[in-house]
Amino acid sequence: MTIRFDNRVAIVTGAGGGLGRTYALDLAKRGAKVVVNDLGGARDGTGHSDAALKVVEEIEAAGGEAMSNGGSVTEYDQMVEMVAKAKERWGGVHILINNAGVLRDKSFAKMEPADFEFVVKVHLFGSANCTKAVWETMREQSYGRILMTASSTGLYGNFGQANYGAAKLGLAGLTKTLHLEGAKYNIRVNTIAPVAGTRMTADLFPEQAFEAFAPEKVAPAAVYLVSEDAPSNAIVGAGAGVFQSAYVTLTPGVALTGDACTPEGIADRWRQITDRTGEIVPQSGAEQSMLIMKVLQGS
Ligand code: NAI
């Protein structure tokens, strides 16, 4: 089975380089018409360049169809305008990969509030802006595939990346609710946690690893997750050709009734509270309440 995107229109944000460029090239090769969005800033989000235009030229040189967009994901109006232009030229928007990102690493002790805000603004608000800009179109079409870009930092933490991690786990949370709200309209929403040698990680990877972790070894997951038969609500780790699945699980826990419902009661039963035997992966927030009722009834 070949995964194709003929007659599909895809927007990839931050596609002027790194992972986004690779996603855009692959989607275009498989028949998608691609909006290459990127304001072409530096790693910390400052400055501008024509990075998006260059990727469009690459796509066109390979026989594909693309348009560039230099808007910032932080500006909702610019994202609305980008979607309008794509619809005007190609009649719809079927795929959105929220990939644009910046880094402003510092230990939390040294991090300025402005740097915390900026990073959350680009990743979390930026992805919400683009998604909001396409949401109504996807509902009307009864078709949408959206990919959020999280990170191992969001899922598991990383020293010096409090701002980035907060935004990235927020994106996994955004996926979960949009998955529920989009289901009725055939909108599927997933999260990818990539690991790739790009300028974002240039000072982290030794040279050989940089090659092994090429963006091309992540792109298959991104492309699959926005395809016709994509799953929904998945969190997929991808790096160097290894693909993983991450879950937010819940232990059954214990009921502390009567006088035992105290901080001391928690301390006494901490081992059982955190015992992962019988843990579940709730499919919605309501399942936590249902599990609580079940534990209460069994106590
Ligand atoms: P990159 O720096 O090459 O790509 C990010 C792109 O986003 C840049 O081209 C940049 O100009 C663009 N961008 C930044 N702010 C923007 C804005 N406001 N509007 C539009 N475009 C904007 O880095 P890379 O590695 O390709 O990152 C892609 C995504 O993957 C990011 O969200 C990043 O956080 C995420 N990620 C990457 C990992 C890695 O190992 N490379 C690890 C985990 C997550």
Side-chain angles (χ1 to χ4, degrees), residues 11-26 35-56 68-79 81-82 96-105 117-130 133 147-158 161 163-172 174-175 191-205 209-219 221-222 225 235-240 242 244 246:
I11 295 175
V12 184
T13 69
L19 286 162
R21 169 183 164 273
T22 311
Y23 301 159
L25 291 174
D26 203 354
V35 179
V36 178
N37 159 268
D38 205 306
L39 52 59
R43 191 168 84 165
D44 68 356
T46 55
H48 289 274
S49 77
D50 61 355
L53 204 60
K54 288 197 176 124
V55 176
V56 168
S68 75
N69 176 274
S72 172
V73 296
T74 57
E75 305 306 314
Y76 177 63
D77 292 349
Q78 293 180 17
M79 295 301 99
E81 201 184 315
M82 171 177 74
L96 168 64
I97 301 185
N98 285 306
N99 167 80
V102 292
L103 277 187
R104 290 193 179 178
D105 291 0
E117 190 179 330
F118 182 71
V119 169
V120 173
K121 204 171 163 192
V122 173
H123 290 275
L124 184 54
F125 283 77
S127 301
N129 284 339
C130 299
L147 185 61
M148 305 290 180
T149 305
S151 157
S152 55
T153 298
L155 299 174
Y156 309 112
N158 204 15
Q161 294 195 313
N163 48 4
Y164 182 76
K168 289 305 202 184
L169 191 57
L171 286 163
L174 182 60
T175 292
T191 303
I192 191 167
V195 186
T198 65
R199 71 174 188 178
M200 204 172 258
T201 49
D203 37 10
L204 299 178
F205 280 106
F210 204 77
E211 220 166 273
F213 282 83
E216 287 75 11
K217 298 284 173 75
V218 170
L225 290 171
I235 304 174
V236 174
V242 174
Q244 306 155 313

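Sequential numbering from 1 along the given sequence is applied to the chain's residues. Side-chain atoms are counted along with the backbone in the values below, which use heavy atoms only and exclude waters and symmetry mates. First listed ligand is number 1; within each ligand, the first listed atom is number 1. Source: prediction; values computed, not measured.
The N/O atoms of Thr149, backbone and side chain alike, include none that comes under 3.5 Å of an N/O atom in ligand 1. At a 3.5 angstrom cut-off on N or O pairs, Gly101 counts as close to ligand 1. Considering backbone and side-chain N/O of Tyr164, one or more are found under 3.5 Å from N/O of ligand 1. Between Phe205 and ligand 1, no pair of N/O atoms sits closer than 3.5 Å. At a 3.5 angstrom cut-off on N or O pairs, Gly16 does not count as close to ligand 1. In terms of N/O distances under 3.5 Å, ligand 1 is approached by Ser72.
Residue Arg43 holds its CZ atom at 4.5 Å from CG of Asp203, rounded to the nearest 0.5 Å. For the atom pair CG (Leu124) and NZ (Lys168), the distance works out to 9.5 Å, reported to the nearest 0.5 Å.
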Side chains of residues 19-26: which donor-acceptor partners sit under 3.5 Å, not counting sequence neighbours?
residue : atom : partner : partner atom : Å
Arg21   : NE   : Glu58   : OE1          : 2.9
Arg21   : NH2  : Glu58   : OE2          : 2.8
Thr22   : OG1  : Gly18   : O            : 3.1
Asp26   : OD1  : Arg30   : NE           : 3.0

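By the 4.0 Å heavy-atom criterion, Ala15 is excluded from the residues contacting ligand 1. For Gly45, the closest heavy-atom approach to ligand 1 does not fall below 4.0 Å. For Ala51, the closest heavy-atom approach to ligand 1 does not fall below 4.0 Å.
Residue pairs satisfying the salt bridge (Lys or Arg N to Asp or Glu O under 4.0 Å) criterion with at least one member in residues 119-129, sequence neighbours excluded, are absent.
Counting non-hydrogen atoms of other residues, nucleotides and ligands closer than 6.0 Å to CZ of Phe205 gives a total above 12. Heavy-atom contacts from other residues, nucleotides or ligands closer than 6.0 Å to CD of Glu216 number more than 12.
Near Leu39, the atoms of ligand 1 lying under 4.0 angstrom from a non-hydrogen atom of the residue are 16 (C), 17 (C), 18 (N), 19 (N), 20 (C), 21 (N). Against a heavy-atom cut-off of under 4.0 Å, Gly18 is close to the following atoms of ligand 1: 3 (O), 26 (O). Heavy-atom proximity to Val195, at under 4.0 Å, picks out these atoms of ligand 1: 40 (O). Within ligand 1, the atoms closer than 4.0 Å to a non-hydrogen atom of Asn37 are 20 (C), 21 (N), numbered from 1 in the order shown. Counting atoms of ligand 1 from 1 in the listed order, those under 4.0 Å from a heavy atom of Val102 are 14 (C), 15 (N). Those atoms of ligand 1 with a heavy atom of Gly41 less than 4.0 angstrom away are 11 (O). Residue contact check: Asn99 has heavy atoms under 4.0 Å from atoms 28 (C), 29 (C), 30 (O), 31 (C), 32 (O) of ligand 1. Per-residue contacts place His123 under 4.0 angstrom from the following atoms of ligand 1 (heavy atoms of the residue considered): 32 (O), 34 (O).
At a heavy-atom distance under 4.0 Å, atoms from both the backbone and the side chain of Val73 approach ligand 1. Contact annotation: for Ala150 versus ligand 1, heavy atoms closer than 4.0 Å belong to the backbone alone.
Formation of a donor-acceptor pair under 3.5 Å by the Asn37 side chain with backbone atoms of Gly71 is found in this model.
Ranking protein heavy atoms by distance to atom 25 (O) of ligand 1, first place goes to Thr198 OG1, 2.5 Å.
Compare Lys168, Lys121, Arg199, Met82 by their heavy atoms: the one nearest to atom 2 (O) of ligand 1 is in Arg199. Taking all heavy atoms of Gly14, Gly126, Pro194 into account, the minimum distance to atom 6 (C) of ligand 1 is reached by Gly14. Between the choices Arg43, Met200, Arg21, Glu75, the shortest heavy-atom distance to atom 23 (O) of ligand 1 belongs to Met200.
When Thr13, Val12, Val35 are each tested for a side chain to side chain contact (heavy atoms under 4.5 Å, CB included) with Leu96, only one passes: Thr13.
Leu39 approaches Ser72 most closely through the heavy-atom pair CD2-CB, 3.5 Å.
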